Amino acid sequence: MKIVEVVFDIPVDKTFTYLPAKFSESIQRGVRVRVPFGKQKITGIVVSVKDAEVSDKSDYKNILKVYDDVPLLSEELFHLADFISNRYFASLGQVLFSMIGGLPLKYQSPVEFPSEDKSCSSIKGYNRKYLIFLRDKNRKDTYLKIIQSIQNGSTLLLFPEVSIAEEYYREINAIYGEKVLLFHSELKQTDKMKIWLKVLTEEKLIIIGTRIAVFSPAGDIRTIILDRGNDPSYYEQQTPKYNAFEVADFRCRFNKIPLIIGETSLSIREYFDIRKSGFSVEEFNGEGLPSIHTIFMSRKTVDKELSFFVMDTISLIEETLLRKGKVAVLHNRKGSSKVLRCEKCEYKFPCNTCNYPLTLSDDGKSLLCRFCKTVIPFDKICPSCGSKKVGERIYGIEKIYRRLKEYYPDFRIVKFTGGMKIADEFDIIIGTSAVKKVLKDYKFSLVVIINGESFLNTPHYTSEEKFFVLLNEIRSMIDNPDCKILIQTRSPNLEVYRALVENNSDVFYSRELSVRKQLCYPPFSEMIKIEIKGAKKDVFERRKGIIEEYIKEKGYELFYSGPSFPPVKKGKGVWKYLLRFKGDFDRDEIKKMAYETDATVESNPDQI
């Protein structure tokens, strides 16, 4: 007789067996079912239907309900789920529910069942190609040409933000009509299901979406276009904590189709992969780019009234305003923070291990190194001159906004956050890096980065890389060759600044790869972050003990064990472990340990 194997959205790597009961003739792999589970009745996903000898039916419970007439998951998506489960330390059930868990249980089924055989002789084979758009305006036309070239299959376009996906959808829909679909997490459940079923049952579509659209069940995908592939939005923050870039790459390899990545500048990982694997790169016209400059910031050069600006910066701002130009001011802090330096001798507090600038902890009692994870106590005295005047108050956006409004009452000044729309005209706009969203909508003449080190002095080894990518993205979006981008800094000789000023990316990539190789950081290793949370101290300590004993028993390289940043989230203490692997390791063992301790595990996390 038939038995049915079901998985659930739980951190358990096993299947549960049921009898199909009255659904014996219709139940299929890839449908959702309602089943008894302990004292509950919950939803699961069928992963197998097979014949087996059952000696005693009372050993098994019956399936109570089948929600789907059509399997919602293709065979390709099952292969993809296996990859994600292994790569990102999640159960098969957690992965499958991340794909279709947001779809409603009640809906109108399609008349036709999807076909698994959508093969096409025009498939060219897997390859990865990088398109470098030094000017953002070249991006859209290039993607349209790629779409136009796909004659016998579907195209999947992934974007880091809903707003960008919607913008492309409107323009491409105006050309191709109903064959263009928009899929993202903010859609209503009914709309998600309608689109999912259309992708399952139709062909030659253009699917546009955000990270979640990487799971689109199209069986005839011929190309995947990944826009801004190094954007952190492609990292899922809930289990399974997958990277949509890697998931898209797996699908392309599995289907033997091209993966096209559109970037403004390459990440370190991408640059490394290109050098190692010889992936092709095409760079588009970068003439007429805004210039980037650094301005030295010190006690002598800052303005007395507006101490977050150098006097020369104020002169340029006022000159721009008098010429009716627009100014954008970017800062990395919404509130305020301490960036370490001696106010008397300008000592920068370098790490004794790797010579990188140390960052002051949130409580002000420790110094942290974002690269080698050195943590040392801080006695608030400069080791160079003995001065106690150490640390500096960095203005947050709120205070900068208020001070500028007071200082320039006759100019229109607005504060911008990512989720808002600008209703009125302005002369100065202030915000975090979210300001980049409006740069292409207005003609800016001046962009000011208030403090470059506020972007660099964060406890993460990729902070310089992220700043480098951000500045190149800002430059690409400004359609004014006379615009100037100013970086106020106390360390104008840093390689990352020199690379930006000289527009020479090789300077930055070469040095950053050299440092990472020396410290054995990704891409020269795989970093694993294990994180546990707990409100009860005894339970929390027990979990820590299990993890620490496991790491010791396996002999893994542990290079950080301590409070996470921040150390408390939603009233729960947070503790993390960072492991580094230079070769293969048993991922299943780490997954089992995570299940036992209710820990989350990430591979090469975007935030450590």
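Not measured: the values here are computed from a predicted model. Only heavy atoms go into these numbers, but all of them, side chains included; no hydrogens, no water, no symmetry mates.
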- List for me each residue that meets salt bridge (charged side-chain N to carboxylate O under 4.0 Å, His left out) alongside Asp249, sequence neighbours excluded, and say none if there are none. Arg128, Arg253

- Task: List for me each residue that meets salt bridge (charged side-chain N to carboxylate O under 4.0 Å, His left out) alongside Arg139, sequence neighbours excluded, and say none if there are none.
- Result: Asp136, Asp227

Hey, are [X] and [Y] close enough for a salt bridge, meaning a charged N less than 4.0 Å from a carboxylate O?
X      : Y      : value
Arg587 : Glu526 : yes
Lys436 : Glu473 : yes
Arg135 : Asp479 : yes
Arg516 : Glu512 : yes
Lys591 : Glu596 : no
Lys145 : Asp141 : no
Asp82  : Arg87  : no
Lys241 : Glu236 : no

- salt bridge (charged side-chain N to carboxylate O under 4.0 Å, His left out): which pairs involve residues 43-62, sequence neighbours left out? Glu5-Lys50

Test side-chain contact (heavy atoms from CB on, under 4.5 Å) applied to [X] - qualifying residues, sequence neighbours left out:
X      : result
Gln148 : Tyr176
Lys276 : Phe272
Leu579 : Ile528, Ile530, Ile551, Tyr556, Leu558, Phe581

At what distance, to the nearest 0.5 angstrom, does [atom1] of [X] lie from [atom2] of [Y]?
X      : Y      : atom1 : atom2 : result
Ile257 : Leu156 : CD1   : CG    : 8.5 Å
Ile260 : Thr223 : CD1   : OG1   : 5.0 Å
Gln237 : Gln607 : CD    : CD    : 8.0 Å
Leu77  : Met99  : CG    : CE    : 5.0 Å
Leu471 : Thr264 : CG    : OG1   : 11.5 Å
Leu181 : Ile206 : CG    : CD1   : 9.0 Å

Could you tell me whether the side chain of [Y] reaches within less than 4.5 Å of the side chain of [X], counting heavy atoms only?
X      : Y      : value
Val438 : Ile422 : yes
Val49  : Gln28  : no
Arg580 : Met527 : no
Val7   : Phe16  : no
Ile63  : Leu19  : no
Leu134 : Ser476 : no
Phe284 : Ile132 : no
Leu205 : Val180 : no

Side chain of [X], backbone of [Y]: donor and acceptor closer than 3.5 Å?
X      : Y      : answer
Ser149 : Ile146 : yes
His79  : Arg251 : no
Thr597 : Met593 : yes
Tyr509 : Leu266 : yes
Ser216 : Ala213 : yes
Glu602 : Lys529 : no
Thr142 : Asn138 : yes

- Pair Tyr143 + Phe133: ring centers closer than 6.0 Å: yes

If only side-chain N and O atoms count, and only distance matters, is there a donor-acceptor pair under 3.5 Å linking [Y] with [X]?
X      : Y      : answer
Ser48  : Arg29  : no
Ser91  : Asp13  : no
Tyr577 : Glu531 : no
Glu76  : Asn255 : yes

- Message: Ring-plane angle category for Phe250 and Phe254, please: parallel below 30°, perpendicular beyond 60°, tilted otherwise.
- Response: parallel

- Item | Geometric class of the Trp196/Phe183 ring pair [parallel <30°, tilted 30-60°, perpendicular >60°] | tilted

Please tabulate, for side-chain N and O atoms in residues 157-173, each donor-acceptor pair with protein atoms closer than 3.5 Å (sequence neighbours left out).
residue, atom, partner, partner atom, Å
Glu167, OE2, Lys140, NZ, 2.7
Glu171, OE2, Lys140, NZ, 2.8
Asn173, ND2, Gly177, O, 2.9

Please name the pair of heavy atoms, one in [X] and one in [Y], separated by the smallest distance, quoted to 0.1 Å.
X      : Y      : answer
Leu513 : Phe524 : O-CE1, 3.4 Å
Gly44  : Phe97  : CA-CZ, 3.9 Å
Leu330 : Ser433 : CD2-CA, 4.1 Å
Val6   : Tyr18  : CG2-CD1, 3.9 Å

- Would you please test Phe215 and Tyr242 for ring-ring contact (aromatic ring centres under 6.0 Å, His included) and show each step? CA-CA 12 Å; Phe215 299 132; Tyr242 63 87; 5.2 Å; yes

- Among pairs that include at least one residue of residues 31-43, which meet side-chain hydrogen bond (donor to acceptor under 3.5 Å, both in side chains), considering only residues two or more places apart or in two chains? Arg32-Asp68

Holding to side-chain hydrogen bond (donor to acceptor under 3.5 Å, both in side chains), I want the full list of residues that pass it with [X], two or more places apart in sequence or in another chain.
X      : value
Tyr67  : none
Tyr271 : Asp506
Glu282 : Lys129

Compile the donor-acceptor pairs under 3.5 Å between side chains in residues 187-194 and protein atoms, sequence neighbours left out, one pair per line.
residue, atom, partner, partner atom, Å
Gln189, NE2, Gly102, O, 3.4
Lys192, NZ, Ser185, O, 3.3

- Message: Evaluate Ser154 against Asp220 for side chain to side chain donor-acceptor pair (under 3.5 Å), listing each step before the verdict.
- Response: CA-CA 6 Å; Ser154 295; Asp220 67 334; 2.8 Å; yes

